[in-house]
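Have a look at the structure below before the remarks.
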Amino acid sequence: IIARHVIWTAVVTAHFGLGKSVLLFLAYDWLSANYIFINFAISHTHLGVVEKDDTKVDWVRYAAVYTMNASPGPFKFISWWMGYLNFQIEHHLYPSMPQFRHPIISPRVKALFEKHGLTYDQRS
C-alpha cells in the first residue's frame, strides 16, 4: 500500500497536481469497486444461502449447490476479465489453487459431480 501511494504521488500528483490527482484516484477507485462488485455478483448473490439448521451440507455440496460458474465464452474473454474466478465451483473447492488452473480441473470436477448426482451449474 505504501509503494502504491509513493508511486501515485510521484507519477500522478506530480504531473496533474493535487486536485486532479484526487479526482483521478476517486474515479480509479470507483471503477475498481464496480469491477469487483460485478464479478462477485455474477457468481454469488443470486443463489440461495445455507439454511441455519442444515447439518448435511459439506464442502463439496456447498460448492455444488451454492456457487456457479460463468462460461468462459468463445474467446475465453470472461476467464480473462474475471481472472479465472468465473470458475467459482473450483475456486470454492480448491481455494489455494492458482486461478489459472481452474479451467484445467473443471472437466474432472464436472465428472465427479455427475458421478455423485450433483449439479454442475455453469451458465453463459
Side-chain angles (χ1 to χ4, degrees):
I1 294 176
I2 293 171
R4 182 176 139 194
H5 177 69
V6 169
I7 292 169
W8 184 273
T9 301
V11 175
V12 179
T13 306
H15 182 72
F16 292 106
L18 183 60
K20 287 184 182 177
S21 175
V22 168
L23 289 176
L24 284 170
F25 181 79
L26 291 174
Y28 156 77
D29 201 43
W30 180 83
L31 284 171
S32 300
N34 278 286
Y35 169 79
I36 293 294
F37 170 76
I38 290 167
N39 288 341
F40 184 82
I42 287 171
S43 302
H44 291 83
T45 57
H46 63 281
L47 300 171
V49 295
V50 179
E51 296 295 327
K52 186 176 182 178
D53 57 349
D54 187 349
T55 59
K56 294 183 179 183
V57 69
D58 56 45
W59 195 0
V60 175
R61 284 185 191 8
Y62 176 85
V65 176
Y66 300 104
T67 58
M68 54 138 308
N69 290 352
S71 175
F75 302 107
K76 298 184 178 30
F77 174 77
I78 300 300
S79 292
W80 172 81
W81 178 259
M82 294 181 75
Y84 294 103
L85 284 177
N86 53 315
F87 290 92
Q88 278 296 298
I89 295 170
E90 290 74 14
H91 172 66
H92 282 250
L93 287 173
Y94 308 103
S96 62
M97 176 182 284
Q99 296 163 350
F100 70 91
R101 296 190 189 270
H102 292 161
I104 298 167
I105 67 161
S106 177
R108 294 172 73 183
V109 171
K110 185 176 182 179
L112 175 75
F113 279 26
E114 288 173 359
K115 178 180 175 182
H116 294 281
L118 298 170
T119 301
Y120 186 84
D121 190 0
Q122 180 166 307
R123 304 178 195 190
S124 54

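In this structure, Ile89 is not a member of the same hydrophobic cluster as Tyr66, with clusters built from ILVMFWY side-chain heavy atoms closer than 4.5 Å. In this structure, Phe87 is not a member of the same hydrophobic cluster as Ile42, with clusters built from ILVMFWY side-chain heavy atoms closer than 4.5 Å.
Listed by chain and number, the residues in a side chain to side chain contact (heavy atoms under 4.5 Å, CB included) with Pro95 are Trp59 (sequence neighbours excluded). Take Arg61 and apply the side-chain hydrogen bond (donor to acceptor under 3.5 Å, both in side chains) test, not counting sequence neighbours, and it matches no residue.
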Pair up each side-chain donor or acceptor in residues 77-84 with any protein partner under 3.5 Å, not counting sequence neighbours, and list the distances.
from, atom 1, to, atom 2, distance (Å)
Ser79, OG, Asn86, ND2, 3.2
Trp81, NE1, Asn39, OD1, 3.4

Show me, pair by pair, the donor-acceptor contacts under 3.5 angstrom made by side chains of residues 18-33, not counting sequence neighbours?
from, atom 1, to, atom 2, distance (Å)
Ser21, OG, Trp8, NE1, 2.8
Ser21, OG, Thr13, OG1, 2.7
Ser32, OG, Tyr28, O, 2.9

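Within the 4.5 Å cutoff, the side chain of Tyr120 has no heavy atoms near those of the Leu112 side chain. Residues Thr119 and Phe113 fail the side-chain proximity criterion, which asks for heavy atoms closer than 4.5 Å. Proximity of His102 to His91: side-chain heavy atoms (C-beta onward) are separated by under 4.5 Å at one or more points.
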key: Full working for side chain to side chain donor-acceptor pair (under 3.5 Å) between Tyr62 and Thr67   = CA-CA 7 Å; Tyr62 176 85; Thr67 58; over 6 Å; no
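The minimum heavy-atom distance between His92 and Ala63, with the atom names listed, is CB-CB, 4.3 Å. Closest heavy-atom contact between Gln122 and Ser71: NE2-CA, 3.8 Å. Taking each heavy atom of Met97 and Ile105 in turn, the nearest pair found is SD-CD1, 3.7 Å.
Screening residues 114-124 for salt bridge (Lys or Arg N to Asp or Glu O under 4.0 Å), with sequence neighbours left out, gives Asp121-Arg123.
Other members of a hydrophobic cluster containing Ile104 are absent, since no ILVMFWY side chain comes under 4.5 Å of it, directly or through relayed contacts.
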